[in-house]
Visitor: 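I have a structure here, written as structure tokens, and I will follow up with some questions on it.
Below, chains carry the letters A, B, ... as their sequence lines are ordered, and counting in each starts from 1.
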Amino acid sequence: MARAVLGRLLVHDTPRGRVSGLIVEAEAYRGSRDPASHAFRGPTPRNAAMFGPPGHAYVYFTYGMHHCLNLVTEPRGRASAVLVRALEPVDGIRLMRRRRGVREEAWLARGPGNVARCLGLTRVHDGLDLTRGPLWLSDQPARREGRRIVRSGRIGIRLARERPWRCFLVGHPCVSGPKLARPGAGGSRGRAAARVRG
DNA sequence: GTATCGATTAGC
DNA sequence: CTAATCGATACA
């Protein structure tokens with residue numbers, strides 16, 4: 001599913017307008033057999049949506065300040081989800097800029113915390129049915145602009161990081177990751193290269 | 001009850 | 001590299 005959602009349009013319609021973007025990076029998290037998954041130790045109030053029906057959202061709050069969006073992918077009772085790590089902004093770019101305080105389009109929805117911020121998502125949206133809106137995935141065919149899909153280890157976790165369940169569109173400017181130098185973020189070249197190698 | 005850490009980010 | 005900042009988790 002992490003591969004399958006790449007190039008698909010993710011939309012959030014609200015009174016403030018429509019914001020949307022093409023998914024360009026996603027990570028799979030599996031339940032009971034994935035130590036990195038929030039569902040590894042069984043159901044809790046926080047991860048309940050992961051155990052719910054597929055096609056719903058799992059939105060969690062972390063580091064005391066960020067929200068992250070997952071798409072639940074397996075039948076009720078079997079926890080599994082895909083973390084949306086980056087979008088190519090399509091609709092509502094003005095609103096995204098306002099929410100992020102950033103001008104550059106490629107930075108708006110790079111990283112899972114920024115994806116949720118751009119889309120205006122919080123725990124309120126946890127459990128929403130993605131087939132009914134206002135948060136939904138477009139039926140339009142994937143727009144991958146001819147880019148190849150590759151996999152890598154997952155980012156930002158301690159356990160089971162080697163599992164190749166991060167998928168992204170090669171070379172897409174909106175993809176996150178340690179190999180990308182952010183303008184103004186000096187001196188991370190050597191360390192970043194080492195991390196990519198590992 | 002307290003201590004620690006996190007599917008992150010921005011800034012130095 | 002670290003601060004920010006708070007809910008979840010582990011453990012006494």
Visitor: If I take atom CG in residue A/L69 and atom C1' in nucleotide B/dT8, what distance separates them, rounded to the nearest angstrom?
Guide: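 Whole-Å distance recorded here is 15 Å.
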Visitor: Given the P atoms of B/dC5 and C/dC1, what is the spacing between them in whole Å?
Guide: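 Rounded to whole Å, the distance is 16 Å.
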Visitor: Between A/H38 and B/dA7, is there a contact of a side-chain N or O with OP1 or OP2 at under 4.0 Å?
Guide: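 For B/dA7, OP1/OP2 do have a side-chain N/O of A/H38 under 4.0 Å.
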Visitor: Using whole Å, what does the distance between atom C1' of nucleotide B/dT9 and atom NE2 of A/H67 come to?
Guide: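 Interatomic distance, NE2 of A/H67 to C1' of B/dT9: 14 Å.
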Visitor: Closest approach to the side chain of A/P112, judged atom by atom: which nucleotide of B/dT8, C/dA10, C/dC6 is it?
Guide: B/dT8
Visitor: The side chain of A/T44 is closest to which nucleotide in this list: B/dA7, C/dC6, C/dT9?
Guide: C/dT9
Visitor: Figure out the CZ/P separation between A/R100 and B/dT9, and round it to whole Å.
Guide: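 Computing the A/R100:CZ to B/dT9:P distance gives 8 Å.
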Visitor: Tell me which nucleotide among C/dA8, C/dA10, C/dT5 gets nearest to the side chain of A/R41.
Guide: C/dA10
Visitor: Taking atom CD of A/Q140 as the centre, report whether more than 12 heavy atoms of other residues, nucleotides or ligands fall under 6.0 Å from it.
Guide: no
Visitor: Assign each of A/L159 and A/V115 to its nearest nucleotide of DNA chain B by heavy atoms, then name whichever residue's nucleotide is nearer the 5' end.
Guide: A/L159
Visitor: Does B/dG6 have its OP1 or OP2 closer than 4.0 Å to a side-chain nitrogen or oxygen of A/R158?
Guide: yes
Visitor: Does A/T14 have any side-chain hydrogen bond (donor to acceptor under 3.5 Å, both in side chains) partners at least two apart in sequence or in another chain, and if so, which?
Guide: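 A/T14 satisfies side-chain hydrogen bond (donor to acceptor under 3.5 Å, both in side chains) with no other residue.
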Visitor: Taking atom P of C/dA8 as reference, at what distance in whole Å does atom NE2 of A/H66 sit?
Guide: 17 Å
Visitor: According to the 5.5 Å centroid and 30° plane-angle thresholds, does A/Y29 stack upon the nucleobase of B/dA7?
Guide: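 Stacked: centres under 5.5 Å apart, planes under 30°.
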Visitor: Tell me what A/G64 touches on the nucleic acid: a base, only sugar-phosphate, or nothing, going by heavy atoms under 4.0 Å.
Guide: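 If one applies the 4.0 Å heavy-atom cut-off, A/G64 turns out to touch a base.
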Visitor: Which part of the nucleic acid, if any, lies within reach of A/N114 when heavy atoms closer than 4.0 Å are counted: base, sugar-phosphate only, or nothing?
Guide: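 Answer is sugar-phosphate: A/N114 comes under 4.0 Å of backbone atoms only.
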Visitor: So A/H38 and A/Y58, would you call those rings parallel, tilted or perpendicular, with 30° and 60° as cut-offs?
Guide: perpendicular
Visitor: Where the side chain of A/M65 is concerned, which of B/dT8, C/dC6, C/dT5 is the nearest nucleotide?
Guide: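 Of all the options, the side chain of A/M65 is nearest to C/dT5.
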Visitor: Does a nitrogen or oxygen in the side chain of A/R117 sit under 4.0 Å from OP1 or OP2 of B/dT8?
Guide: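 No, A/R117 has no side-chain N/O under 4.0 Å of OP1/OP2 on B/dT8.
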Visitor: So A/R154, base contact, sugar-phosphate only, or nothing? Heavy-atom distance under 4.0 Å.
Guide: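 Nothing, no nucleic acid heavy atom in range.
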Visitor: Counting only N and O atoms by type, is there a donor-acceptor contact under 3.5 Å from the side chain of A/N47 to the main-chain atoms of A/T44?
Guide: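 Yes, A/N47 side chain to A/T44 backbone: donor-acceptor pair under 3.5 Å.
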Visitor: When you measure from the side chain of A/R154 to the backbone of A/A28, do you find a donor-acceptor pair of N or O atoms at a distance under 3.5 Å?
Guide: yes
Visitor: How close or far is atom C1' of C/dC6 from atom OH of A/Y60, stated in whole angstroms?
Guide: 15 Å
Visitor: Would A/Y63 count as stacking on B/dG6 if stacking means ring centres less than 5.5 angstrom apart and planes tilted under 30 degrees?
Guide: yes
Visitor: Can you see if the side chain of A/R110 gets near the phosphate of B/dT8 - specifically, an N or O under 4.0 Å from OP1 or OP2?
Guide: no
Visitor: Mind checking A/I157 for me? I need base, sugar-phosphate or nothing, with any heavy atom below 4.0 Å counting as a touch.
Guide: sugar-phosphate
